[in-house]
Amino acid sequence: MPRYTPAEIEARWQQAWEESDVFKAVRSADKPKYYVLEMFPYPSGRIHMGHVRNYTMGDVIARYKMATGHNVLHPMGWDAFGMPAENAAMASGGHPADWTYNNIRDMKAQMKPLGLSIDWSRELATCHPGYYGQQQALFLDFLEAGLVYRKNAVVNWDPVDMTVLANEQVENGRGWRSGALVERRELTQWFFKISDQSEDLLAALDGLDNWPAKVKLMQANWIGKSRGLQFAFSTVDAPDGHDKIEVYTTRPDTLLGASFVGISPDHPLAKLLERDNDDVAAFNAECRKGGTTEEAIETAEKLGFDTGIRVRHPFDTSHELPVYIANFILMDYGTGAIFGCPAHDERDFEFATKYELPIISTYLPSEDADETLAEAYVPAKTDKVFYNRGFAGDQWQTGNEAIDAAIAFCEENGVGQGVTKFRLRDWGLSRQRYWGCPIPVVHCDDCGVVPEKKENLPVELPYDNGNAPFDFSVPGNPLERHPTWRDVPCPACGKPAKRETDTMDTFVDSSWYYARFTAPRADTPTVAEEAAYWMNVDQYIGGIEHAILHLLYARFFARAMEITGHLPKSAHEPFDALFTQGMVTHAIYQTRDDNGRPIYHYPNDVEKLSWGDDSVYALKADLEQKGYYKEDQDEAFRNSIAKSYVNFPEVAVEVVPSAKMSKSKNNVVDPLNIISNYGADTARWFVLSDSPPERDVEWTASGAEAAFKHLSRVWNICDRIGEMDREAAGQGDEDLLKAMHKTIHDVTMGVESFGFNAAIAKLYAFTATLQKSKAGYKAQREAIMTLAQLMSPMTPHLAEDIWAHQGAEGLIVHAPWPKADEAMLVDDTITMPIQVNGKRRAEIQVPADMTKEEVEKLALAHEAVVRTLAGAEPKKVIVVPGKIVNVVA
RNA sequence: GCCCGAGUGGUGGAAUGGUAGACACGACGGAUUCAAAAUCCGUUGCCGCAAGGCGUGCCGGUUCAAGUCCGGCCUCGGGUACCA
């Protein structure tokens with residue numbers, strides 16, 4: 001009997017697809033278009049299982065949509081700028097461009113064997129001047145439209161290497177290479193005015209019906225619309241020009257509980273004070289230590305410095321509050337100053353306790369509750385509480401009611417106004433790095449910042465210093481050190497001027513690539529008729545880690561491109577449907593060195609030893625040494641070795657399950673091994689089969705083996721059917737076809753709803769049915785061909801092979817998706833479980849159309865029900881037709 | 001710290017508020033084989049001989065009925081604006 005030989009099958013069908021150019025996307029009037037896009041990869045050099053999972057899911061959708069009569073666009077590109085290329089150049093010489101292009105070549109070669117339905121003619125790389133030149137054109141249009149501006153912003157500064165560090169390059173507050181304590185420093189940088197769109201970016205989330213609710217919620221929280229009160233405290237003993245401190249609060253109802261005012265170390269008043277006061281300067285310097293991340297700032301120890309300045313409480317001018325500089329107050333949000341109400345805010349409570357400030361409640365859980373609080377009292381804003389120091393109105397009200405009342409009261413009394421603020425900050429795009437898209441502007445002493453002329457685009461990244469290579473091992477941006485690249489005439493006045501050396505954040509590159517795919521070679525960023533036809537992306541698929549930043553920036557870019565005429569109004573929200581997949585994880589195998597530090601081992605170097613339900617992991621090298629592998633060793637000896645690892649765990653291998661695959665932890669599984677051992681269809685089938693796509697999946701070798709066995713089984717069934725007697729009658733044709741139609745229905749539903757794992761379970765079940773079937777040739781042939789079609793989005797090569805084996809015309813990629821016959825889906829009799837008091841006691845077989853009354857009668861007469869009731873009279877009988885009976889006693 | 005998720009047998013997981021554990025792995029038993037691999041058939045949540053009882057991270061609630069809904073926790077994961 002011939003065997004399933006994926007290597008040969010897969011090469012043959014990939015060639016067939018390529019020869020007939022089946023995946024090339026061309027505009028067409030006769031079919032509805034469908035644009036499916038997976039988040040494009042960073043070219044790290046090796047594809048990993050996460051890529052395989054991501055692109056296989058997209059491929060299933062693309063192939064399914066093709067089969068259901070759509071004109072499908074399914075492109076692929078490379079998110080090719082970014083830090084890792086520069087890090088590689090820094091670590092081992094070489095050039096970021098060479099490293100990146102080599103990686104693209106390698107990864108493409110690794111992706112090709114997966115048999116993805118990609119239109120490779122649209123391939124793009126963001127590091128190619130053909131792409132980033134158009135991005136520069138977009139930037140200039142945005143600049144002209146007032147969507148870009150410059151301002152100061154803080155960066156991580158390494159005082160030893162004298163460079164800006166990315167957050168990732170800051171480890172425990174220190175520079176990753178120098179080990180120096182990082183400082184926060186201000187630089188003038190370019191910004192996109194994303195905050196102007198806050199209201200729309202928030203409101204439009206409502207219309208994204210096919211986005212995961214959790215992503216919309218995360219984005220909404222990130223944009224962070226809040227209503228609050230902005231008002232000013234009058235100061236006492238403050239320097240000139242600071243007779244007022246503006247604060248913003250979302251809890252004006254707690255104003256009467258204010259016990260201090262806090263200002264950011266970057267607040268103008270704090271900066272003024274530090275000029276003349278060494279203690280303030282020292283404190284502010286302390287606050288500026290450490291990285292810029294919100295996480296670092298929020299989890300740092302809360303520090304305050306009493307400036308000696310006082311402010312008057314607006315409703316009790318005899319009540320003076322101290323003004324502290326506090327390290328947890330961000331200049332970027334609100335006014336950079338707050339009032340602290342320790343009674344109703346955990347952070348303020350901690351601060352007040354530390355600096356011995358009063359804790360004054362404004363509301364309590366009840367009228368007679370003790371006003372002395374042992375901890376901050378922070379109920380939900382919707383809970384009714386008793387206001388012992390409230391503003392107008394009832395004393396019993398919810399926080400939300402009280403906030404509205406407080407704003408109204410303050411406005412009436414001339415203390416500030418109610419304002420709406422957003423948490424969303426403008427998007428800083430300047431990067432002081434080489435491997436990115438140059439910002440196309442020139443700095444002229446006379447004209448200031450001047451945009452480069454469009455005819456001079458692209459502003460290309462210089463490959464080297466002119467005659468010598470860049471030295472990437474020197475910290476800092478090599479563009480700053482180029483002898484001539486910066487020297488250009490001013491585009492406005494022609495005098496000698498300096499080119500901007502900052503490059504763009506790589507998030508800019510990934511914010512419009514979906515639009516570029518509609519016309520990837522055009523000499524404008526987009527082409528109107530192509531964009532109008534192909535946009536929007538009908539299904540976008542990618543990792544949940546992009547839920548906020550990438551997706552928000554891409555939504556902003558669609559709006560900015562609409563404003564500047566590069567995208568139609570209909571592309572305002574560019575992604576109609578979004579699916580966020582989980583990560584592929586893998587166990588980490590580690591032993592410890594003498595200092596207890598982990599040593600990471602490759603999965604291939606580790607062996608799992610099992611006996612019964614117990615198991616232990618050991619290093620193969622160690623097993624070798626102990627004679628475990630010697631041929632004459634019996635099972636008892638092997639078990640004794642295995643158990644010895646349990647007794648001496650220090651030599652056994654520790655297992656950390658479900659860790660994100662990471663090169664440094666040696667737990668990355670190379671999909672190429674799976675493909676070369678079992679074929680692409682097995683790899684594809686496996687990554688789809690076990691876990692729901694939105695959840696993380698742990699890669700295990702045994703699962704791949706099972707997937708391969710299954711595909712072999714299907715192939716063997718196909719082979720067997722081919723040998724059958726064409727004329728002989730069989731038994732159970734009807735049952736087989738019924739099962740087939742149910743499977744069509746279930747698999748279609750599964751694919752439509754991203755329930756790939758459930759769809760595959762149904763395919764397993766149907767395969768078992770077919771394998772055992774004694775039906776005649778005709779029915780079995782119909783069943784195997786339908787099975788091939790249903791599997792074709794997941795295992796396209798095998799499907800094509802079965803199709804051809806059964807003598808079908810043409811390619812299965814061109815075959816229309818099977819339709820379930822509704823009449824075949826209904827059952828005549830059904831099984832109904834009977835519960836007594838919610839516990840299942842029996843089940844009965846009844847005709848599907850039996851009335852409630854008859855079902856109830858049957859249920860009550862059931863021997864097990866009678867026994868359980870033990871003579872008690874049932875109080876109520878609930879019959880849910882077609883589902884269940886519950887007898888309440 | 002803050003925002004968002006997830007938690008179900010030995011394992012991955014299934015289950016429009018309606019029989020918890022589909023499907024698969026592993027394990028065990030059997031067929032086939034000189035033997036093995038491969039393949040095929042069967043058993044398999046836990047406790048119990050059985051009857052039965054217990055079971056979806058923990059505590060509480062709503063409901064005739066809760067893995068699913070609500071409240072409070074715990075643990076793990078993602079994001080936290082310069083990783084992509």
Side-chain angles (χ1 to χ4, degrees), chain A residues 3 39 41-42 44 79 81-84 87 155-156 164-170 194 212-215 217-222 224 291-300 302 328 332 346-347 423-433 505-507 510 543-550 552-553 580 582-583 585 610 612-615 657-660 689-692 694-698 700 702-703 705-707 709-710 712-713 716 755 757-758 760-765 768 771 831-835 837-843 875-878 880 882-888:
Chain A
R3 292 170 62 92
M39 290 179 186
Y42 179 80
S44 60
D79 187 13
F81 276 136
M83 280 206 314
N87 292 343
V155 292
N156 299 303
V164 176
L165 297 179
N167 287 334
E168 200 187 45
Q169 296 169 321
V170 178
I194 187 172
K214 63 178 171 183
V215 174
L217 188 56
M218 279 190 263
Q219 292 224 349
N221 289 337
W222 185 261
T292 58
T293 65
E294 190 188 314
E295 185 197 3
I297 291 163
E298 288 284 335
T299 54
K302 310 289 176 280
F328 55 87
D332 289 321
E346 278 163 26
R347 193 177 59 184
R423 204 185 78 100
L424 181 63
R425 309 200 297 254
D426 279 333
W427 170 14
L429 66 118
S430 301
R431 296 293 181 271
Q432 295 70 43
R433 275 191 276 280
D505 177 8
T506 55
F507 272 125
S510 53
I544 186 66
E545 67 271 21
H546 295 294
I548 296 175
L549 292 180
H550 162 63
L552 193 61
Y553 292 155
T580 52
M583 295 181 303
T585 62
S610 306
D613 279 342
D614 295 312
S615 62
S658 302
K660 190 173 175 172
S689 63
D690 262 3
S691 275
E694 67 278 10
R695 227 191 284 184
D696 291 353
V697 62
E698 173 140 20
T700 57
S702 55
E705 178 77 32
K709 279 186 189 173
H710 176 75
S712 304
R713 205 174 296 137
N716 290 340
N757 54 328
I760 281 178
K762 301 290 184 189
L763 289 167
Y764 268 111
Q771 185 161 29
T831 305
M832 284 187 85
I834 305 168
Q835 295 180 330
N837 291 329
K839 280 188 192 260
R840 195 180 76 94
R841 295 296 173 181
E843 61 182 38
K875 285 184 195 138
K876 196 160 58 158
V877 179
I878 291 149
V880 185
K883 291 277 186 196
I884 202 164
V885 182
N886 193 7
V887 180
V888 186

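One interatomic measurement links the two molecules: CD of A/E705 to P of B/A24, which rounds to 15 Å at whole-angstrom precision. Summarising the geometry, the separation between NZ on A/K214 and P on B/C4 is reported as 13 Å, rounded to the nearest angstrom. Rounding to whole angstrom units, CZ of residue A/R695 and P of B/U11 are separated by 14 Å. For the pair A/E694 CD and B/G7 C1', the computed distance is 14 Å after rounding to whole Å. In this entry the distance linking CG of A/L217 with C1' of B/G79 reads 13 Å, nearest Å. The distance from atom CD1 of A/I544 to atom P of B/A6 is 10 Å, rounded to the nearest whole Å. The distance between atom CD of A/E294 and atom C1' of B/C2, rounded to the nearest whole Å, is 6 Å. The distance between atom CZ of A/R840 and atom P of B/C54, rounded to the nearest whole Å, is 15 Å.
Of all nucleotides listed (B/C64, B/C82, B/G13), B/C82 comes nearest to the side chain of A/V155. Picking from B/C4, B/C40, B/A81 the nucleotide with the shortest atom distance to the side chain of A/W222 gives B/A81. Considering only the side chain of A/V880, B/G18 comes nearest among B/A81, B/G18, B/C40. In this structure, the nucleotide among B/G18, B/A22, B/U19 sitting nearest to the side chain of A/K883 is B/G18. Closest approach to the A/N156 side chain among B/G18, B/G53, B/C82 is made by B/C82 (side chain taken as heavy atoms from C-beta onward). Of the candidate nucleotides B/U16, B/C82, B/A65, B/C82 has the atom nearest to the side chain of A/D505. Here B/A81 is the nucleotide among B/C64, B/A81, B/C40 with the atom lying nearest to any side-chain atom of A/T293. Minimum atom distance to the side chain of A/P692 is reached by B/A14, of the listed B/A14, B/A24, B/G18. Checking B/A65, B/A81, B/U19 against the side-chain heavy atoms of A/N886 singles out B/A65 as nearest. Here the side chain of A/R841 is nearest to one of B/G78, B/G53, B/G13, namely B/G53.
Residue contacts for A/K762: at a heavy-atom cut-off of 4.0 Å it reaches no nucleic acid atom on any strand shown. Residue A/Q432 is in base contact, counting any heavy-atom pair closer than 4.0 Å across all strands shown. Using a 4.0 Å heavy-atom distance criterion, A/Q219 is classed as making no nucleic acid contact. Among the atoms of the strands shown, none is found under 4.0 Å from any heavy atom of A/G224. Residue contacts for A/V164: at a heavy-atom cut-off of 4.0 Å it reaches a base atom on one of the strands shown. Within the nucleic acid shown, A/S430 comes within 4.0 Å of at least one base atom, counting heavy atoms only. Counting any heavy atom pair closer than 4.0 Å across all strands shown, A/K875 reaches no nucleic acid atom. No contact: A/F328 has no heavy atom under 4.0 Å from any strand. When heavy atoms are screened at a 4.0 angstrom cut-off, A/N837 is found touching no nucleic acid atom at all. Using a 4.0 Å heavy-atom cutoff across all strands shown, A/H550 reaches no nucleic acid atom at all.
The base-pairing partner of B/G60, taking Watson-Crick or G-U wobble contacts with both distances under 3.5 Å, is B/C70. Nucleotide B/G48 is matched to nothing when pairs are restricted to Watson-Crick or G-U wobble geometry with both distances under 3.5 angstrom. With a cut-off of 3.5 Å on both pairing distances, the Watson-Crick or G-U wobble partner of B/C2 is B/G79. For B/G17, there is no paired nucleotide, since no Watson-Crick or G-U wobble pair has both relevant distances below 3.5 Å. Base pairing annotation: B/A24 forms a Watson-Crick or G-U wobble pair with B/U11, both donor-acceptor distances under 3.5 Å.
Across all non-hydrogen atoms, the minimal contact from A/V215 to A/I544 is CG2-CD1, 3.9 Å.
Across B/G17 and B/C70, the matching C1' atoms stand 13 Å from one another, rounded to whole Å.
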Exercise for the section: Walk me through it: do A/V887 and A/R841 pass the test side-chain contact (heavy atoms from CB on, under 4.5 Å)? Expected result: CA-CA 10 Å; A/V887 180; A/R841 295 296 173 181; over 6 Å; no
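Residue A/E694 qualifies as enclosed at atom CD: its count of foreign heavy atoms under 6.0 Å is above 12.
Comparing A/P41 and A/P833 by the nucleotide of RNA chain B whose heavy atom lies nearest to each, the residue mapping closer to the 5' end is A/P833. Comparing A/T506 and A/V215 by the nucleotide of RNA chain B whose heavy atom lies nearest to each, the residue mapping closer to the 5' end is A/V215.
For B/U80, the OP1/OP2 oxygens have no side-chain nitrogen or oxygen of A/N167 closer than 4.0 Å.
Between A/W427 and A/Y553, the angle of the ring planes stays under 30°, which puts this pair in the parallel group of the 30/60° scheme.
Listed for the A/N886 side chain is no donor-acceptor partner under 3.5 Å among the backbone atoms of A/I878.
The closest side-chain heavy-atom distance from A/L549 to A/W222 is below 4.5 Å. By the 4.5 Å heavy-atom criterion applied to side chains, A/I194 and A/L552 are counted as neighbours.
By the rule that a glycosidic angle within 90° of 0 means syn, B/G78 does not qualify and counts as anti.
With salt bridges taken as basic N to acidic carboxylate O contacts below 4.0 Å, one links A/R423 and A/E294.
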